[in-house]
Amino acid sequence: MKNIKLIITLLSVLLSLKATAQVVYENIDKGQKLQIIHKAQFWSVYQEIDIDRMDDGADNRLDFNIRRGRFGSKGSINKYIDFQIWYAYDLLGKDYNTNFIKDMLGKNDDKAFQPLDAFVKLKLDPKFNITTGFFRPQTSRESIRSAFGTMTFEKTFTNFVHRSYTLGKGHGRATGINLSGNFETGEKQKTIGLKYDLGVFNAFQNNFVASPMYAGRLTFYLGEFEKNVKDNHFGNKNGIILGVYSTLQPKVQQTALANILKFSNAVNSTEINPYDKNNAVLSTSYGADFLLNFKAFNLKAEYTTAQYTGLMGTVNTAIGDYGIVAYDVIAGYTINKIGNGALEFAVAYSVVDTDDKINLDNLSIVDLKYGDIYGDTNLFDIGLNYYLDNEKYKINLHYVMVNENPTDKNINDYKNNFIGLGLQYQW
């Protein structure tokens with residue numbers, strides 16, 4: 001009864017909030033504008049708990065938390081310069097044991113508050129713009145799109161794998177500079193266009209080796225180009241978007257991949273100097289993504305892969321090259337005018353396929369999440385999303401089945417399926 005009352009209270013608060021971002025200052029003649037941004041996702045999750053979380057026999061549990069919170073501002077300094085800076089307070093109040101894949105959602109001590117975006121964009125021409133500061137490299141669609149605009153309950157494996165293996169940061173941001181531009185022809189719904197992004201970013205800097213990460217993305221589209229990267233455009237945009245992307249970091253010091261200062265060559269048993277500039281790893285990634293919006297139907301799919309070339313390993317682990325693949329397919333159908341909003345039926349399937357030739361063990365920048373504990377992993381998400389004022393208010397109820405294949409052959413299966421109720425607002 002107490003849980004039901006809490007859910008009703010949160011829902012009442014959510015629906016009483018103003019839907020539009022607050023414009024606190026605007027001067028049209030000078031092109032100046034200042035907006036305050038506030039967003040939050042409230043989660044209630046009931047999850048099965050197995051021995052990959054706690055000792056055998058531990059209780060299943062109900063977990064209330066603020067999955068994501070955002071607060072900050074955005075706007076225009078003049079007609080040529082836009083800016084955005086905001087902060088995140090994520091996983092507040094979360095029970096660490098309800099991370100459905102070990103460590104994937106991160107750890108929390110209720111002190112999580114950090115800058116998430118801090119950048120300016122110089123708009124010289126539609127075909128040439130410059131963005132610099134702290135922001136997301138323009139690569140994987142699952143990474144660059146907002147978690148407030150997804151059809152799934154949580155972002156899929158493609159997001160977490162791509163961010164972890166390229167930047168080593170769950171939030172997917174880095175300092176850098178990005179050049180972008182847009183070329184198109186035709187009118188609105190009949191537009192044919194191409195958008196490019198080329199950037200240089202700091203990633204995995206450590207010890208004697210300095211090596212920037214280069215990132216690039218090409219986006220082809222038929223139909224009106226999306227102003228905001230999201231899954232559902234609520235029938236306002238029909239079209240197809242196809243993106244291809246890649247990252248390259250030529251020399252990643254192996255000690256940047258883990259807190260290890262001593263290596264030995266398992267082939268000839270000679271010690272490897274981690275401070276030698278020649279003893280570095282090549283880090284690459286590439287992928288493709290697809291979005292179809294047609295009236296009430298939306299379909300999103302993505303494939304991403306990342307590889308480390310030239311791992312020197314430790315005494316017991318990881319010699320050679322390592323690769324990991326993730327992909328997803330997400331579909332949704334929206335029925336308008338259900339009460340005061342729109343109801344979406346959504347399904348998703350996502351997979352992590354780890355390299356079975358070598359074991360990264362403590363060299364893995366995603367700790368022990370995938371290959372060491374789970375082997376290949378997939379999940380199936382089925383749910384309902386109810387939207388008010390497009391996605392600014394969202395209530396979602398999903399059931400997620402997580403299929404893990406333990407690397408420990410003495411274990412038949414892990415039980416981490418969960419049901420989640422989410423409440424979201426954007427102000």
Side-chain angles (χ1 to χ4, degrees), residues 117 119 121 127-147 149-150 152 155-184 192-204 211-222 225-231 239-250 252 282-293 299-309 322-330 350-353 365-366:
D117 284 312
F119 62 84
K121 181 177 181 179
K127 298 180 178 62
F128 186 76
N129 303 286
I130 302 174
T131 303
T132 187
F134 186 71
F135 58 101
R136 284 173 284 203
Q138 298 298 288
T139 51
S140 158
R141 181 180 183 87
E142 190 72 12
S143 176
I144 64 177
R145 90 182 195 290
S146 170
T150 66
T152 52
K155 283 197 166 190
T156 67
F157 288 134
T158 53
N159 173 80
F160 297 101
V161 168
H162 176 75
R163 288 181 173 184
S164 296
Y165 279 80
T166 55
L167 291 176
K169 299 176 181 179
H171 56 63
R173 271 78 169 175
T175 49
I177 186 169
N178 186 77
L179 308 181
S180 64
N182 200 27
F183 300 83
E184 63 178 37
I192 299 175
L194 169 67
K195 182 177 183 294
Y196 73 89
D197 287 276
L198 295 171
V200 183
F201 298 87
N202 289 343
F204 292 142
S211 179
M213 185 187 80
Y214 303 96
R217 176 180 173 87
L218 285 176
T219 306
F220 306 89
Y221 57 95
L222 299 174
F225 186 69
E226 57 182 356
K227 294 180 180 179
N228 297 306
V229 182
K230 57 185 180 180
D231 292 342
I240 294 173
I241 298 174
L242 174 64
V244 292
Y245 58 88
S246 181
T247 67
L248 168 67
Q249 193 170 6
V252 181
L282 171 65
S283 174
T284 56
S285 75
Y286 61 87
D289 50 64
F290 172 83
L291 179 70
L292 167 66
N293 301 116
L299 175 68
K300 183 262 181 185
E302 183 166 351
Y303 174 94
T304 189
T305 183
Q307 185 171 38
Y308 297 145
T309 302
Y322 178 85
I324 188 170
V325 169
Y327 55 89
D328 63 53
V329 179
I330 308 168
S350 184
V351 173
V352 177
D353 184 4
I365 61 170
V366 288

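Hydrogens, waters and symmetry mates are skipped; everything else that's a heavy atom, side chains included, is used.
The ring pair (Phe, Tyr, Trp, His ring centres under 6.0 Å) search around Tyr214 returns none, not counting sequence neighbours. Under the ring pair (Phe, Tyr, Trp, His ring centres under 6.0 Å) criterion, Tyr303 pairs with no residue at all, not counting sequence neighbours. For the ring pair (Phe, Tyr, Trp, His ring centres under 6.0 Å) test, no residue two or more places apart in sequence or in another chain qualifies with Tyr286. For Asp197, the side-chain contact (heavy atoms from CB on, under 4.5 Å) partners are Gln138, Asn178, Ser180, Lys195, Arg217, not counting sequence neighbours. Partners of Thr304 under the side-chain contact (heavy atoms from CB on, under 4.5 Å) rule, at least two apart in sequence or in another chain, are Thr158, His162, Tyr245, Ala326. When the side-chain contact (heavy atoms from CB on, under 4.5 Å) test is applied to Ala174, the partners found at least two apart in sequence or on another chain are Leu167, Phe201.
In this structure, the side chains of His171 and Phe134 come closer than 4.5 Å at one or more pairs of heavy atoms. The closest side-chain heavy-atom distance from Phe157 to Val351 is not below 4.5 Å. Looking at Asp328 and Lys300, their side chains come closer than 4.5 Å, going by heavy atoms from C-beta outward. Within the 4.5 Å cutoff, side-chain heavy atoms of Val352 are placed close to those of Val161. Annotation: side chain of Leu218 is not in contact with side chain of Leu242 (no heavy-atom distance under 4.5 Å).
The distance from atom OG1 of Thr152 to atom CG of Asn159, rounded to the nearest 0.5 Å, is 9.5 Å. Separation of atoms CG (Asn293) and CD1 (Ile240) is listed at 9.5 Å; rounding is to 0.5 Å. Distance CZ/Arg145 to CG/Leu291: 9.0 Å, rounded to 0.5 Å. Here the CG-CZ distance, from Asp117 to Arg136, works out to 6.0 Å after rounding to the nearest 0.5 Å. Note that CG of Leu179 and OG1 of Thr132 are 10.0 Å apart. Values are rounded to the nearest 0.5 Å. Between the CZ atom in Arg173 and the CZ atom in Arg163 there is a gap of 5.5 Å [rounded to 0.5 Å].
Glu226 and Tyr221 share no side-chain donor-acceptor pair at under 3.5 Å.
A distance-only check finds no donor-acceptor pair linking the side chain of Thr150 to the backbone of Lys155 [under 3.5 Å]. Under the 3.5 Å distance criterion, the side-chain polar atoms of Arg141 are left unmatched by any main-chain donor or acceptor of Val244. When atom types are taken as modelled, the side chain of Glu142 and the backbone of Thr156 share a donor-acceptor pair closer than 3.5 angstrom. Under the 3.5 Å distance criterion, the side-chain polar atoms of Thr175 are left unmatched by any main-chain donor or acceptor of Gly133. Remark: the backbone N or O of Ser285 is paired with a side-chain donor or acceptor of Ser246 at under 3.5 angstrom.
Between Glu184 and Phe225, the shortest heavy-atom contact is OE1-CB, 4.4 Å. Closest heavy-atom contact between Val200 and Pro212: CG1-CB, 3.7 Å. In this structure, Val252 and Ser283 approach most closely via the heavy-atom pair CG2-CB, 3.7 Å.
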Can you list the steps and then say if Thr247 with Thr139 is a side chain to side chain contact (heavy atoms under 4.5 Å, CB included)?
CA-CA 8 Å; Thr247 67; Thr139 51; 3.7 Å; yes
